[in-house]
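Numbered from 1 within each chain, the chains take letters A, B, ... in sequence-line order.
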Amino acid sequence: MNKLSSLIKIKVLILLFVIIFTGCARKGVNGTFIQIKGSDTEVNLVQRLAEEFMKEHQVYIAVTGGGSGTGIASLINKQTDIANSSRAMKDEEINLAKDNDVNPIAIVVALDGLALIVHESLPVKSLTLDEIGKIYRGEINNWEEVGGSDLEISMYGRQSNSGTYIYFRDNVLKGDYSPKVRRMNGTSQILEAVRRDKAGIGYVGIGYIIDDQGDVKSGINSLKIAEDENSPAISPLEPENVVSGLYSIVRPLYQYTDGLPEGNLLIFILFELSDRGQEIVVMEGYYPVSSAYMEMNEKLGIKGNEFEKN
Amino acid sequence: MNLKKIKEKAIYVFFFLTGILAVIILLGIFLMLLINGLQAFKDVKLLDFFFGTVWNPSAYGESSYGILSMVVSTFMVTLGAMMIAVPLGIGTAAYIAEIANQRVGDVLRSIIGILAGIPSVVIGFIGIVLVGPFIAKVFNLSSGLNALNGSILLAVMSLPTIISISEGAIRKIPKDFKIASYALGANRWTTLIRVTIPAAFSGIIVSIMLGIGRAIGETMTVLMATGNAPAMPHSFFDSVSTMTATIAIEMGEVPYGTTHYYALFAVGAVLFIVSLGVNLIAELVTAKYQGRRT
């Protein structure tokens with residue numbers, strides 16, 4: 001009797017394994033299971049979008065984080081249907097994908113603005129992009145040089161495996177970070193550190209610095225950013241500044257697929273780009289896809305307003 | 001009779017295998033680090049690796065793989081930790097072994113045991129919210145995420161090791177030593193400082209070495225509390241990034257098979273050799289002093 005039941009147990013186990021492993025395998029674009037991996041910046045947002053989508057569609061979507069690099073690596077290894085990435089794929093990654101018979105297609109699903117934050121007691125209220133670059137490259141070391149008091153600047157940034165780290169380096173620094181930049185584990189750690197550091201400066205997603213009432217969180221100030229000395233300093237706190245592109249530090253949040261999306265995969269992406277999808281994007285503290293990026297998506301034949309037709 | 005023999009043989013083989021297993025695992029780890037690590041030197045010059053001060057594998061321009069800054073950082077944080085933990089640890093050990101009565105000693109011992117069980121992430125958290133702001137206030141710095149913070153936390157983490165092994169060593173000193181000292185007219189303090197502790201020296205050195213091993217290898221705490229700036233540190237108030245923290249941060253997302261990937265293994269191999277060296281010194285000290293006493 002005992003032996004029999006243990007035999008059954010083993011069989012059940014084997015069955016479970018089979019189910020789990022076939023579940024993990026990609027069922028192709030027409031399957032009812034969609035695997036999404038990648039950016040930690042996007043994971044909560046895409047999770048919310050997936051939950052809304054699953055309410056009305058017979059599709060199961062699994063969303064996991066791990067970082068943009070992880071997502072892209074999974075796409076290259078054909079282990080995910082969609083790779084979330086808060087940065088564009090590098091040329092070498094695209095080549096690696098092509099070698100592996102994967103054809104990455106980039107779709108922009110939302111925009112994310114990066115705010116520069118400083119301690120609330122700091123008299124500096126605005127900086128130019130050039131000044132920010134100089135500070136993080138280590139060329140400006142003292143707040144005195146940009147209109148503050150005599151205090152050594154203490155810089156906070158993300159760790160090198162973060163998409164935000166790369167985006168900020170390539171688009172704002174256009175050079176290497178000073179080795180004195182403290183590499184923090186996550187966005188909330190940067191926020192906490194700057195709140196405690198009267199000479200601190202850090203970059204965080206705009207969604208992180210606004211509380212439930214829509215005000216800036218206590219202890220920090222968000223800097224206004226000017227394109228150059230002659231341009232006006234723009235606050236990221238007005239959503240229209242970010243969407244219109246007036247505010248400079250805005251990055252697209254990508255989703256990469258292998259080849260043009262079809263079937264359920266396409267329907268899900270169309271849902272993300274539809275008015276309802278973009279409403280969720282705003283609710284989660286990000287910004288809707290701007291018309292320029294919408295055009296880029298449409299060139300691929302992906303039009304958010306076509307969602308309802310499906 | 002025969003069955004007994006077989007049983008004995010089986011037990012012998014079993015313990016032999018478990019003994020050998022540790023050796024195999026150790027060798028396996030070392031070989032893996034070495035084989036992977038050596039591949040980094042296809043692209044990185046040996047001198048640049050060991051004496052370069054800039055570690056910037058994901059650079060905007062050209063990548064650099066110099067580990068000197070993080071090696072200095074690791075040693076600095078460890079040295080600071082030992083400067084705090086050694087006097088405190090030996091003092092506590094001497095108190096528990098020689099001065100405290102049975103009940104106080106037992107209570108202290110179990111509390112120190114609990115201290116050893118605190119997860120490193122909790123200690124790191126304390127470093128961020130408590131020790132960091134405290135250091136910033138006392139020394140009038142803008143931020144307390146620096147080498148000193150790491151040293152204080154690592155001191156707390158290596159204390160249990162130092163205390164328990166030192167205490168054992170002090171307790172093992174034969175009563176005759178003390179009786180002879182008292183007979184010569186020495187008081188309790190002089191006996192402790194001039195006779196008991198020097199006699200237990202080898203054990204204390206071993207405890208310090210194991211404490212150093214604990215501190216060098218600790219990852220999570222330093223990752224959270226030292227600020228993680230890869231610059232060459234100039235004082236204990238600078239933010240530092242240790243070897244362990246660098247590996248922990250970068251291993252997660254480094255593309256497989258790249259120079260960066262192999263370079264991280266090379267850093268791991270350096271770390272391994274350093275801790276091996278520390279353990280070896282402990283062994284040598286034990287051997288030498290035991291040799292002299294007998």
Other residues, nucleotides and ligands only: do more than 12 of their heavy atoms fall within 6.0 Å of NZ on K198(A)?
yes
Given the options V54(B), V240(B), N56(B), T53(B), which has more heavy-atom pairs under 4.5 Å with chain A than any of the others?
N56(B)
Using non-hydrogen atoms and a 4.5 Å limit, figure out which bit of V129(B) sits close to chain A: side chain, backbone, both or neither.
both
Please look at L141(B) and chain A and tell me whether the side chain, the backbone, both or neither of the residue comes under 4.5 angstrom of a heavy atom of that chain.
backbone
D197(A), L151(A), L96(A): which one forms the most heavy-atom pairs within less than 4.5 Å of chain B?
D197(A)
Report the distance from atom CD1 of I24(B) to atom CG of L27(B), rounding to the nearest 0.5 Å.
8.5 Å
K90(A), NZ atom: more than 12 neighbouring heavy atoms under 6.0 Å
yes
Identify which of E192(A), E152(A), K174(A) forms the greatest number of heavy-atom pairs closer than 4.5 Å to chain B.
K174(A)
Which portion of P133(B) sits near chain A, non-hydrogen atoms under 4.5 angstrom
side chain
What option among S241(B), A245(B), S239(B) has the most heavy-atom pairs under 4.5 Å with chain A?
S239(B)
Which one of Q159(A), H119(A), K180(A) has the most heavy-atom pairs closer than 4.5 Å to chain B?
Q159(A)
Side chain, backbone, both or neither: which part of M184(A) has an atom under 4.5 Å from a heavy atom of chain B?
side chain
Of the non-hydrogen atoms in L154(B) and A215(B), which two are nearest, and what is the gap between them?
CD1-O, 3.6 Å
Which heavy atom of Y256(A) sits nearest a heavy atom of A88(A), and at what distance?
OH-CA, 3.5 Å
Heavy-atom contact with chain B under 4.5 Å, split by part of A199(A):
both
Using non-hydrogen atoms only, which part of A136(B) is less than 4.5 Å away from chain A: side chain, backbone, both, or neither?
neither
State, without any angle test, whether Q255(A) and N84(A) hold a side-chain donor-acceptor pair at a distance under 3.5 Å.
yes
Does R137(A) make a cation-pi contact with Y60(B), if we ask for NZ or CZ under 6.0 Å from the ring centre and within 45° of the axis?
no
Hey, does the side chain of N228(B) reach the backbone of L223(B) with a donor-acceptor pair shorter than 3.5 angstrom?
yes
